[in-house]
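In what follows, a single structure is set out as structure tokens and then discussed.
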Protein chains: 2
Amino acid sequence: MNSAPDILRTYKLKSTSTREEVLSLLLENDHALSHADLEREMTTDCDRVTLYRTLKTFQEKGLIHKVLDDNGLTKYAPCTACTKENHKHEHVHFKCEICGNTVCLENVQIPVMKLPNGFVAEEKNILITGICNICNKK
Amino acid sequence: MNSAPDILRTYKLKSTSTREEVLSLLLENDHALSHADLEREMTTDCDRVTLYRTLKTFQEKGLIHKVLDDNGLTKYAPCTACTKENHKHEHVHFKCEICGNTVCLENVQIPVMKLPNGFVAEEKNILITGICNICNKK
DNA sequence: CTGTGTGCAAACACTTTGCAGGTGT
DNA sequence: ACACCTGCAAAGTGTTTGCACACAG
């Protein structure tokens with residue numbers, strides 16, 4: 001189990017309280033977090049701008065990835081299935097219409113799809129909307 | 001083949017030059033258009049706000065649908081596979097990394113995916129990024 | 001010590017809202 | 001005639017940029 005400081009070191013990023021907390025929050029939560037979510041949950045005082053830059057850096061270095069959303073809001077989740085060298089390019093996300101949470105369905109395989117001639121796929125993202133397991137129990 | 005005015009009539013929307021041109025542009029183009037794309041291609045003078053409201057109305061009435069995009073920009077495409085009563089909830093889109101165009105792959109079926117217990121899917125969107133047939137020929 | 005992370009202010013981009021007036025049916 | 005579409009102004013929200021200072025390695 002890697003802690004936030006360990007991961008930062010692995011990716012050659014300086015450890016700061018902001019970075020550690022952002023990364024920890026993303027790792028702890030089972031669903032993707034938006035900039036606003038993070039700002040709300042952070043205990044460390046941190047400028048909005050710093051948060052944007054932190055997320056951008058993490059994304060560029062490959063620690064986290066953007067999560068598709070049906071409205072415009074950008075959410076982020078850690079690249080748990082990716083190693084530093086080998087980046088995974090297939091993501092299945094489920095967004096619950098009730099609680100609004102978006103979770104990564106790590107165990108769902110993307111089936112092979114035959115594309116029309118001439119199209120070459122690089123990355124595949126699936127966004128399924130519906131009702132999640134927690135909201136279905138209520 | 002339905003023309004823009006016909007479609008507007010079907011959906012009980014008043015015909016105006018703005019609406020006709022927006023709908024025509026969406027129908028003519030094989031790829032999804034953003035608000036900015038439309039604003040650029042419109043010959044009819046039209047306020048930005050009107051364009052936003054037109055797109056919102058079309059979307060609410062079911063003439064067009066939002067197209068997922070990996071960055072935040074919202075794009076729109078006509079619901080060609082949907083009838084007024086029967087709305088299709090599965091979309092496969094392909095975004096080309098070179099030309100930036102996003103096309104609907106109408107012929108690609110979304111395979112059945114087994115979701116974890118408790119999850120119920122309502123709508124499925126797939127966004128595949130890669131290189132499209134046109135850019136591959138160059 | 002040095003490169004880079006941070007905070008502040010400001011700009012920028014995208015989208016929505018309110019209201020008065022104009023237009024399609 | 002009446003509902004509703006449009007334009008203008010303004011505000012709201014999300015994100016980026018420039019610069020000076022602070023801090024981790």
Side-chain angles (χ1 to χ4, degrees), chain A residues 3-26 32-76 100 102, chain B residues 3-25 32-61 63-76 100 102:
Chain A
S3 65
D6 289 341
I7 298 174
L8 288 173
R9 208 169 304 123
T10 306
Y11 283 86
K12 301 208 195 314
L13 288 169
K14 288 185 183 173
S15 260
T16 66
S17 52
T18 299
R19 287 183 171 178
E20 288 179 11
E21 187 170 15
V22 170
L23 191 50
S24 297
L25 283 171
L26 289 170
L33 299 176
S34 67
H35 178 277
D37 294 332
L38 286 164
E39 205 174 11
R40 199 178 314 114
E41 299 204 18
M42 300 262 301
T43 59
T44 313
D45 253 7
C46 147
D47 198 86
R48 232 194 309 278
V49 176
T50 302
L51 190 44
Y52 276 114
R53 285 196 269 229
T54 302
L55 290 170
K56 193 175 201 176
T57 305
F58 283 1
Q59 201 190 179
E60 286 168 355
K61 298 280 182 173
L63 283 77
I64 64 177
H65 63 87
K66 270 193 188 176
V67 173
L68 280 191
D69 203 286
D70 47 357
N71 60 51
L73 209 63
T74 317
K75 294 184 177 184
Y76 299 90
T102 304
Chain B
S3 65
D6 289 341
I7 298 176
L8 288 172
R9 208 171 303 123
T10 305
Y11 284 85
K12 303 205 193 316
L13 289 170
K14 290 183 180 171
S15 260
T16 66
S17 52
T18 299
R19 287 182 173 179
E20 287 178 12
E21 187 171 15
V22 170
L23 191 49
S24 297
L25 283 170
L33 299 175
S34 66
H35 178 278
D37 295 332
L38 286 164
E39 205 175 12
R40 198 178 315 115
E41 299 205 17
M42 300 263 301
T43 59
T44 313
D45 254 6
C46 148
D47 196 87
R48 232 195 309 278
V49 176
T50 302
L51 189 44
Y52 276 114
R53 285 195 269 231
T54 302
L55 290 170
K56 195 176 200 177
T57 305
F58 283 1
Q59 201 191 180
E60 286 168 354
K61 299 279 181 176
L63 283 77
I64 64 176
H65 64 86
K66 269 193 189 176
V67 172
L68 281 191
D69 202 285
D70 48 356
N71 59 50
L73 210 61
T74 317
K75 294 184 174 182
Y76 299 90
T102 305

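- Contacts classified as side-chain hydrogen bond (donor to acceptor under 3.5 Å, both in side chains) and involving residues 50-68 of chain A (residues at least two apart or in different chains) are not found.
- Pairing each heavy atom of B:Met42 with each of B:Val22, the nearest pair is SD-CG2, 3.7 Å.
- Atom CD1 of B:Ile7 sits about 11.0 Å away from atom CG of B:Leu13, to the nearest 0.5 Å.
- Not a single donor-acceptor pair under 3.5 Å links the side chain of A:Glu41 to the backbone N or O of A:Leu25.
- Counting non-hydrogen atoms under 4.0 angstrom, A:Asp45 reaches the backbone sugars and phosphates but no base.
- Judged as a side-chain contact (heavy atoms from CB on, under 4.5 Å), and not counting sequence neighbours, the contacts of A:Lys75 are A:Ala32, A:Ser34, A:Val67, A:Asp69, A:Thr102.
- Within residues 13-21 of chain B, the residues having any heavy atom closer than 4.0 Å to DNA chain D are, in order of number, B:Lys14, B:Thr16, B:Thr18, B:Arg19.
- When all heavy atoms of B:Asn71 and B:Leu73 are compared, the closest pair comes out as OD1-N, 2.8 Å.
- The CG atom of A:Leu38 sits 8.0 Å away from the NE2 atom of A:His35 when rounded to the nearest 0.5 Å.
- Between A:Glu20 and A:Thr44 the shortest side-chain heavy-atom distance does not fall below 4.5 Å.
- Between A:Arg19 and A:Ser15, the closest side-chain pair of non-hydrogen atoms is not below 4.5 Å.
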Between the protein and nucleotides 11-17 of chain C, are there any N/O to N/O pairs under 3.5 Å, and if so, what are the atom names and distances?
residue, atom, partner, partner atom, Å
C:dT15, OP1, B:Thr74, OG1, 3.2
C:dT15, OP2, B:Tyr52, OH, 2.8

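- Residue B:Asp45 places its CG atom among 12 or fewer non-hydrogen atoms of other residues, nucleotides or ligands, all under 6.0 Å distant.
- The shortest distance between side-chain heavy atoms of A:Leu26 and A:Leu63 does not fall below 4.5 Å.
- Mapping heavy-atom proximity under 4.0 Å, the span of DNA chain D touched by chain A runs 5' to 3' from D:dG14 to D:dG25.
- In the helix from C:dC1-D:dG25 to C:dT25-D:dA1, the terminal helix axes, each the rotation mapping four pairs' C1' atoms onto the next four within five end pairs, subtend 40°, rounded to 10°.
- B:Tyr11 contributes atom OH, which lies 11.0 Å from atom CZ of B:Phe58 (distance to the nearest 0.5 angstrom).
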